[in-house]
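This structure is a prediction, so every number in the text was calculated from the model and none was measured. Chain letters run A, B, ... following the sequence lines, proteins first, then strands; residues in each count from 1.
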Number of protein chains: 2
Amino acid sequence: MTRSFEPDATDRAILRLIQKDAALSLADIAKEVGLTPTPCWKRIRKMEQEGVITGRVVLLDPEKVGLGVSVFVAIETGDHSAPWIEAFATTVAKMPEIVECWRLGGDVDYLLRVVVPDMQAFDSFYRRLTAQVPSLRKVTSRFAMERVKSTTALPI
Amino acid sequence: MTRSFEPDATDRAILRLIQKDAALSLADIAKEVGLTPTPCWKRIRKMEQEGVITGRVVLLDPEKVGLGVSVFVAIETGDHSAPWIEAFATTVAKMPEIVECWRLGGDVDYLLRVVVPDMQAFDSFYRRLTAQVPSLRKVTSRFAMERVKSTTALPI
DNA sequence: GTGTAGAAGGAAAATCTTTCTGTTGCAAGT
DNA sequence: ACTTGCAACAGAAAGATTTTCCTTCTACAC
């Protein structure tokens with residue numbers, strides 16, 4: 001796979017800035033990277049069109065909105081067929097409590113992060129998950145005690 | 001812990017929208033939630049001041065910027081003292097490849113997600129991590145094969 | 001050398017958004 | 001019924017984004 005996009009030092013500088021704070025005005029970004037607003041805007045638009053920038057979002061404090069409990073769920077499946085994988089992905093997509101789902105190599109097949117208000121809500125989620133997904137061989141839930149670090153900024 | 005902020009249905013509707021797309025104009029948001037731009041803006045500003053909204057960021061496609069490899073690192077430590085915990089948190093904060101770090105309850109003490117360009121870069125990271133952090137009892141790395149789901153939008 | 005094409009930057013104007021002002025309407029409490 | 005407080009609205013001002021057009025620089029051909 002050859003990369004279609006090769007950001008130069010200025011592109012990277014812009015990305016580093018707006019990965020941290022997308023509310024910066026073009027004037028501010030431009031000043032930081034040593035350009036005027038126009039070429040800066042052109043670079044950002046190009047990166048949006050090429051799909052390098054996939055979106056702009058606001059981040060919320062989970063505690064403040066009553067969603068302070070994160071649980072990691074490690075799943076080992078007994079069925080590795082394509083239809084099972086596809087059905088599982090569909091189920092995952094439909095459950096908003098699942099904010100992350102990764103298919104892994106090795107002993108664990110899937111790792112989920114689930115966000116809920118409290119343990120009771122997690123229990124309710126857990127029942128729904130295990131009821132809907134067949135062929136689960138082993139499901140291990142680990143509760144997060146502390147969010148030591150969590151960033152959306154990639155180390156570019 | 002009593003929640004200082006109680007969002008009403010309109011606040012939640014606004015948050016659901018801008019969690020998905022923060023580039024929406026106030027006019028668009030207002031139309032969606034059935035308000036005019038001004039009260040809408042006041043609600044958003046209030047939520048920013050109260051810390052409910054912690055930031056606005058752009059999200060990047062990891063593949064497109066050459067950071068397509070995510071690795072989950074599960075850590076069991078032999079030292080559970082406060083100074084060790086603090087030193088570990090400091091080290092984690094300083095390593096930009098670590099995009100997430102959670103302290104867990106149960107058998108695994110910490111779970112990290114590490115983002116790197118390739119396996120070689122992961123090896124380099126791994127060496128640096130194990131060299132800098134003392135008293136690691138067990139470190140298990142699992143490579144992500146597929147990002148089935150990954151969202152910053154909380155199920156509010 | 002000279003000419004040309006393409007890429008990247010910049011200035012200024014047009015357009016659109018955000019932010020602020022003052023005002024109105026509604027609901028709860030007296 | 002009257003006040004009080006909150007949340008909404010309309011419209012204006014301030015500010016940001018987006019467009020247009022122009023200049024510069026480099027690479028390549030003649």
*For each nucleotide in nucleotides 14-27 of chain C, reading 5' to 3', give B when a protein heavy atom comes within less than 4.0 Å of its base, S when such contact involves only the sugar-phosphate, and - otherwise.*
---SSBBB------

_Five-pair end axes of the helix from dG1(C)-dC30(D) to dT30(C)-dA1(D), angle between them (10°)_ = 20°

*For dA7(D), does either OP1 or OP2 sit under 4.0 Å from a side-chain N or O belonging to Arg43(B)?*
no

Residues that [X] engages under side-chain hydrogen bond (donor to acceptor under 3.5 Å, both in side chains), provided they are two or more places apart:
{"X": "Asp79(B)", "result": "Ser81(B)"}
{"X": "Thr77(B)", "result": "none"}
{"X": "Glu146(A)", "result": "Arg103(B)"}

*asked:* Under the salt bridge (Lys or Arg N to Asp or Glu O under 4.0 Å) definition, can you give me all pairs with a residue in residues 51-60 of chain A, not counting sequence neighbours?
replied: Glu48(A)-Arg56(A)

*Geometric class of the Phe88(B)/Trp84(B) ring pair [parallel <30°, tilted 30-60°, perpendicular >60°]*: parallel

Using whole Å, what does the distance between atom [atom2] of nucleotide [N] and atom [atom1] of [X] come to?
{"X": "Lys46(A)", "N": "dT19(D)", "atom1": "NZ", "atom2": "C1'", "answer": "19 Å"}
{"X": "Lys31(B)", "N": "dC9(D)", "atom1": "NZ", "atom2": "C1'", "answer": "17 Å"}
{"X": "Asp8(A)", "N": "dT26(D)", "atom1": "CG", "atom2": "P", "answer": "16 Å"}

*Using side-chain contact (heavy atoms from CB on, under 4.5 Å) as the criterion, list what pairs up with Ala74(A), not counting sequence neighbours.*
Val108(A), Leu111(A), Thr140(A), Arg142(A)

*Applying side-chain contact (heavy atoms from CB on, under 4.5 Å), name anything that partners Thr152(A), two or more places apart in sequence or on another chain.*
Leu59(A), Val57(B), Leu59(B), Thr152(B)

*Kindly state each residue pair satisfying side chain to side chain donor-acceptor pair (under 3.5 Å) with at least one member in residues 89-98 of chain A, sequence neighbours excluded.*
Glu97(A)-Arg128(A)

